[in-house]
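Input: a single structure, listed below in structure tokens.
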Amino acid sequence: MNPIDTGNSGMSRAAKKRAKKKQKQFSTTDPSEDITNETSATAVTKKRSIRDHHNETESSVTTVKQDHDGSINNSNKRIKSINQNLPFDEDGNTMDVKATTSSNIDPTNHISKASIPIETIPTLPPNMSLESIVSVVSVSPNSDDVQPPPPPPLTAKQRGACLLQTMVAPITLKEFYETYWEKKPLLVQATESNKARFANLLSLKSIKTMTKEYPLYYGQDVNVTKYQKAADGVKRRMTLDKLSSDEPTSAVRVDTSELWSHYGAGCTIRLLCPHKHNDSIQALLSHLETEFQCMVGANAYLTPPQSSQGFAPHYDDIEAFCLQLEGKKRWKVYPPTLELPRTSSEDFTTEDLKDIKPVMDVVLHEGDLLYMPRGWIHQACTLKDDDHTSSSNNNHKHKHQHSLHLTVSAMQQWAWIDLMEMVIPEAMEAAGASDKSTLLRQGLPRGFLEYMGVMYEETKDDKLPESLKRVTEEDTPENQKKKACLQLQEQFRVEAKKRIQQIANTAMELLDASCDQMAKRFLSERQPPALTIQEKKLTAHGDDTADAKPILPNTRCRLIRPGVARLVIEDDKAVVYHCVDNAREYLGNPLSPMEFEIDDGPAIEQLLTTVEPDWILVNNLFHDTIEDKIAITQALYDEGILAVAQHEEAETMEEDHTE
């Protein structure tokens, strides 16, 4: 192994410190132990791709209910009616009419896709919370400083699947992916016994604490909005974010008293990055990224009572999971005008929706979940005060409380077209520069504009009147000229098809490289891995004794989490990209890839493709010398990418997974 020296700029400070210590240690070590002081990590800075903030998403259709043990309540399985028959009018007031729903929604998905492999999901104890599955490393400020219990002995992939299964239960993951994912909305209603399943994620109290303890900025951390009538009488979304008068691009810090004054006046507070200061939400996103294999984001929406509404009707460009954390909120959902759109819509007005019948009008309660694919139009508001009868049968005026929900989003700009936008231009450039063929560089036929184009398109016979059909069949000079034109058109299309096929063939050759580019984009966008306490102890950053534990030939290694690092080949170098140093907020830190010699690639590939519950011995890596094997492992371990364990530790963990 020949490490590339660029001043170790890509190594973390902890890695540099360990490298110095190990160099000193190795200088006094017996050479027979096959320990080397070589390191191979260097770095270059890469710019991340850009994305927009997630828009609010509020959606629903199929309704299911959970029993206290998580099983399906047969009387409520796939209910097509809504328990709350209180739709709201244009002003958000409740109306004494039956809720609307539609049973004729076409769930057909016209996009062909590979089947999604579903891992066997272990049975979870009843009422297990999301937080207990992810087992966040640090104590969450929203959980009264109570450390969550350790997670069940599951792999990271299983925990991600368990999280999603817990969210959509009693629907199975297989049914969810086959029936609902990208096809139609799903409403899961919690029962009294499990309505607290989303507890400790976020609360009004924790949001107030957050706004006091941390500096927040309009447009980066917070939006303040209200859906109300404008001067022309049309209801529109009003954004009350403050802008800098001196520098338009500079964010303005939120004044806490002013923020809550707006909230008291009926405005919705949207937290654009609630996971920035919340360990539980960040761990939730990190684990779901393992399940979805794409970036997962989150927004939180705090809406005051009294029929308040923050956003106009719209659709989004994300798969949205709306988790009702506190209070209630009424949602209207309309069928999509465009299936699976690539971008979010502009706001709709009441006039725009007058001819579109809503497919759902439902109240979301604490513990409920609402999933909606991208493209489904929606709007939501809190409830107006109304009369209810208490359990003691005493009539009283019931005041509805605020609503707080968390929207977890996935699949933003993660479609086939996004991959094609990457591979096709590259293929055109590569095919056009090929030294094996001149097809694409040959000149266009002379005079092709005299027979190609819309004005020369031949009208199909089945669209012609009978009288004209007879005329076109006559052997006249004009018809002979048309036939010659048709022959030239057909010849031109044949030649064009050859060149299109050449581009397609080149695109197939570049497909793996383009998928690597998509992977780099994902790594730049995703959350840093939220490691459990047990996982972190196996890393260089979480093991206080790491400096005293040299990498040996019998050391067992694996990637700390599936997918958090990737090997690519760039400029005849083996380059490792990873998300370990990512910030919680988008674009917080640039990627810091590690660069190795090309012959290090096979060993790196082994290390990055070995994930729990498996291990690989350093001695079994593909390389010429044990010194190179140790040096590569040491560099990746110091960077925080690898988990390592000695023989006894690894065997103990394997036993835990097989129990």
Polar side-chain atom of R159 near backbone of L154 as donor-acceptor pair, under 3.5 Å = yes
Starting at CG of N619, measure out to CG of L552 and round the result to the nearest 0.5 Å.
-> 11.0 Å
Determine whether the side chains of Q501 and N505 contain a donor N or O and an acceptor N or O closer than 3.5 Å.
-> yes
Roughly how far, to the nearest 0.5 Å, is OG of S434 from CD1 of I503?
-> 12.0 Å
Is there side-chain contact between M594 and I641, with heavy atoms separated by less than 4.5 Å?
-> yes
Check against side-chain contact (heavy atoms from CB on, under 4.5 Å), V580 and I560 | CA-CA 10 Å; V580 171; I560 58 169; 4.0 Å; yes
Is the closest side-chain donor-acceptor distance between Q634 and D638 under 3.5 Å?
-> yes
Should the heavy atoms of other residues, nucleotides or ligands under 6.0 Å from CE of M508 be counted, would the total exceed 12?
-> no
Is the closest side-chain donor-acceptor distance between H275 and R584 under 3.5 Å?
-> no
Counting only N and O atoms by type, is there a donor-acceptor contact under 3.5 Å from the side chain of Q165 to the main-chain atoms of G160?
-> no
Value for CG (L567) from CD (E570), rounded to nearest 0.5 Å, stands at 10.0 Å
Any salt bridge between E595 and K573, counting N to O under 4.0 Å?
-> no
Shortest non-hydrogen separation from T539 to K536 and the atoms involved | OG1-O, 2.8 Å
Interatomic spacing from CG in N200 to CG in D279 - rounded to 0.5 Å = 12.5 Å
Considering all heavy atoms, the nearest P529-S286 contact | CA-OG, 3.5 Å
Before giving the answer on side-chain contact (heavy atoms from CB on, under 4.5 Å), spell out for L288 and M167 the whole-Å C-alpha distance, their side-chain angles and the decisive distance to 0.1 Å.
-> CA-CA 11 Å; L288 287 176; M167 291 165 61; 4.1 Å; yes
Is there a donor-acceptor pair closer than 3.5 Å between any side-chain N or O of K629 and the backbone N or O of L621?
-> yes
Look up atom CE in M295 and atom OG in S409, then write down how far apart they are to the nearest 0.5 Å.
-> 6.0 Å
Counting only heavy atoms not in M518, do more than 12 fall under 6.0 Å of its CE?
-> yes
Report the relative orientation of the aromatic rings in H277 and Y214; use parallel for angles under 30°, tilted for 30 to 60°, perpendicular for over 60°.
-> parallel
Compare all side-chain heavy atoms of E612 with those of E535 and state whether any distance is below 4.5 angstrom.
-> yes
Hey, is the main chain of G367 close enough, under 3.5 Å, to the side chain of R197 for a donor-acceptor pair?
-> yes
With E429, which residues qualify under side-chain contact (heavy atoms from CB on, under 4.5 Å), at least two apart?
-> none
Determine the interplanar angle of the Y180 and F176 rings, folded into 0 to 90°, and report it as parallel if under 30°, tilted if 30 to 60°, perpendicular if over 60°.
-> parallel
Is there side-chain contact between F622 and Q606, with at least one heavy-atom pair below 4.5 Å?
-> yes
Check the pair T555 / T633 against side-chain contact (heavy atoms from CB on, under 4.5 Å), numbers first and verdict last.
-> CA-CA 10 Å; T555 299; T633 305; 5.8 Å; no
Can you find a pair of side-chain heavy atoms, one from I632 and one from L607, that are under 4.5 Å apart?
-> yes
4.5 Å side-chain heavy-atom contact, L163 and E291 = no
For L538 and Y637, work out which heavy atoms get closest and say how close.
-> O-CE1, 3.7 Å
Looking at F321, F522, W414, which hits ring-ring contact (aromatic ring centres under 6.0 Å, His included) with F292?
-> F321
Q413 vs R521 side-chain heavy atoms within contact, under 4.5 Å | yes
Close side-chain approach of E319 to E182, heavy-atom, < 4.5 Å = yes
Which residues share a side-chain contact (heavy atoms from CB on, under 4.5 Å) with L510, sequence neighbours left out | V423, E426, A427, A430, T506
Separation between CG of L608 and SG of C557, rounded to the nearest 0.5 Å | 11.0 Å
Quick one: does K157's side chain get under 4.5 Å of V611's, heavy atoms only?
-> no
Please name the pair of heavy atoms, one in A298 and one in L406, separated by the smallest distance, quoted to 0.1 Å.
-> CB-CD1, 4.1 Å
Minimum heavy-atom separation for A161 to L173, with atom names?
-> O-CD1, 3.6 Å
So which heavy atom on A583 is nearest to which on P528, and how close?
-> O-CD, 3.6 Å
Salt bridge or not for R561 and E289, using N-O below 4.0 Å?
-> no
Yes or no on side-chain contact (heavy atoms from CB on, under 4.5 Å) for H623 and D600, after CA distance, side-chain angles and deciding distance?
-> CA-CA 7 Å; H623 220 301; D600 298 333; 2.6 Å; yes
